[in-house]
Number of protein chains: 2
Amino acid sequence: MTAERSYHHGDLRRAVLTAALDVIATEGPAALSLRDLARRAGVSHAAPAHHFKDRAGLLTAIAAEGHGLLAAALGEAEDLRDLGVRYVRFAGAHPAHFQVMFRPELLRTDDPELLAARERTRTRLRAAVEGYGDDPALGFMAAWSMAHGFATLLLSRNLDGLLSGSDPEETFRALAGAMSGRPGTP
Amino acid sequence: MTAERSYHHGDLRRAVLTAALDVIATEGPAALSLRDLARRAGVSHAAPAHHFKDRAGLLTAIAAEGHGLLAAALGEAEDLRDLGVRYVRFAGAHPAHFQVMFRPELLRTDDPELLAARERTRTRLRAAVEGYGDDPALGFMAAWSMAHGFATLLLSRNLDGLLSGSDPEETFRALAGAMSGRPGTP
DNA sequence: TCCCATATCTTGACATCGACTAGATTGCTG
DNA sequence: CAGCAATCTAGTCGATGTCAAGATATGGGA
């Protein structure tokens, strides 16, 4: 936004990323067009390719950034329910990242940056699940499935008629508490 | 497959649908190309448009068909866990349908056929949840989130390292049992 | 039986997109 | 200050979705 018409954009990579996040959040990853992003940034149609190689490269960069954000958002969760609440909160705060992160067919799954970021998230998740129940993998999948399913259905507007205006995050807290036998609110 | 080269295909609509399901199941909805489907069916590139209007129309037809299949697959579920197991089983048996059904950005959400089919599924789901807990909507969302999340993560191959070769359906049964305080196997 | 309205399919065209290449411009570094 | 690497532009190609107009087959009514 600083220089209006210089040969070099200044921070094209970031500009394309934010524009892409905007498009994905409102219209989904399928509606993403590299040429449109270039137009939004005011550069030529082939400029983004230099930063991201191709479409898959751009989405991979978004996914990697998303994993970094998710790892930070999970932080030091108190328990499984809190972990799920943070997961859902992340999905609501960064819908574009979330919609891309778990779609291998859109990504370069062998990208080293993506692998590193994903591994950071997974270790964070594993640590939070440690010691829950006799089978950690089972508890892990149960918590992940519930949080991921809620977040996915929420973002795809499939829960619109059910939430009845209440805060999704609070709804999930009550929901997770009911499922694990604990009260909805402490 | 009967007539090799007649002007009329015979059942082009079904041929395009099955070809599309094949593509979506293996490469996802983003890789779907109307012209490629036309080539597979041995017709001209504009022939599919007459049956489905456009890309969104084709995906909408798949989604509507999927809702019909899902309603049938849910059948008369014994309890919430059985309902979830049937949901996961459907996702595994009809991955292409499942991957399209809950993506409003890919569909004509005002299509009457789609709306009717979706309503049939929802009433089936609602009936199965009736009388569970004090807040039916909460139990409904909890069960749906868990089943949908597990199915989504399963199809996107995000559980590959966790399932350790066991049957996904059985894993989900154990998982749902652990979450609701019941044993994994009856 | 004939005939035509309609459904189905073909052909052609246009704008757009992703990807590639070659060349221009800029900024940095020695 | 010189040259080198990073960044961006311009041009091109094949493929795609969508539309319009024409060709062909099918079925029901005269």
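Every value quoted in this text rests on a predicted model; they were computed, and no experiment measured them. A, B, ... follow the sequence lines: proteins, then strands. Residue 1 opens every chain. FYI, side chains are in, hydrogens and waters are out, and symmetry mates aren't considered; it's all heavy atoms of this structure.
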Can you tell me how far [atom2] of [N] sits from [atom1] of [X], to the nearest Å?
X: Lys53(A); N: dA6(D); atom1: NZ; atom2: C1'; value: 16 Å
X: Leu58(B); N: dT16(D); atom1: CG; atom2: P; value: 15 Å
X: Leu37(A); N: dG18(C); atom1: CG; atom2: P; value: 8 Å

Task: Leu21(A), Ile62(A), Leu70(A), Leu69(A) screened by side-chain contact (heavy atoms from CB on, under 4.5 Å) with His94(A), the one that passes - done: Leu69(A)
Open item on the list: Test of understanding: with side-chain contact (heavy atoms from CB on, under 4.5 Å), list the residues that count as partners of Asp135(A), not counting sequence neighbours.
Closed with: Ala137(A), Leu138(A)
Within 6.0 angstrom of [X] [atom1], more than 12 heavy atoms from elsewhere:
X: Arg122(B); atom1: CZ; answer: yes
X: Arg14(A); atom1: CZ; answer: yes
X: Glu113(A); atom1: CD; answer: no
X: Glu169(B); atom1: CD; answer: yes

Open item on the list: Tell me which one of Phe150(B), Phe98(B), Phe172(B) satisfies ring-ring contact (aromatic ring centres under 6.0 Å, His included) with Tyr87(B).
Closed with: Phe98(B)
Nearest-nucleotide pick for [X], side chain only, options being [options]:
X: Ala46(A); options: dA10(D), dT10(C), dT16(D); answer: dA10(D)
X: His50(B); options: dC9(C), dA6(D), dT11(C); answer: dC9(C)
X: Arg55(A); options: dT18(D), dG18(C), dT16(D); answer: dG18(C)

- [ ] Verify whether one side chain among Thr152(A) and Thr152(B) offers a donor that lies under 3.5 Å from an acceptor in the other.
- [x] no
- [ ] Output the distance between atom CG (Asp22(B)) and atom CZ (Arg40(B)), rounded to the nearest 0.5 Å.
- [x] 5.5 Å
- [ ] Could you pick out which residue, Leu32(A) or His51(B), lies toward the 5' side of DNA chain C when each is mapped onto its nearest nucleotide?
- [x] His51(B)
Open item on the list: Can you tell me if Ser33(A) touches the phosphate of dG18(C), counting only side-chain N or O atoms and a distance under 4.0 Å to OP1 or OP2?
Closed with: yes
TODO: Report yes if at least one side-chain N or O of Arg39(B) is closer than 4.0 Å to OP1 or OP2 of dT16(D); otherwise report no.
DONE: yes
- [ ] Under 4.0 Å from any atom of DNA chain C, heavy atoms only: list the residues of residues 12-28 of chain A that qualify, in numerical order.
- [x] none
What N/O pairs connect the protein and nucleotides 12-14 of chain D at under 3.5 Å? Give each pair on its own line.
none

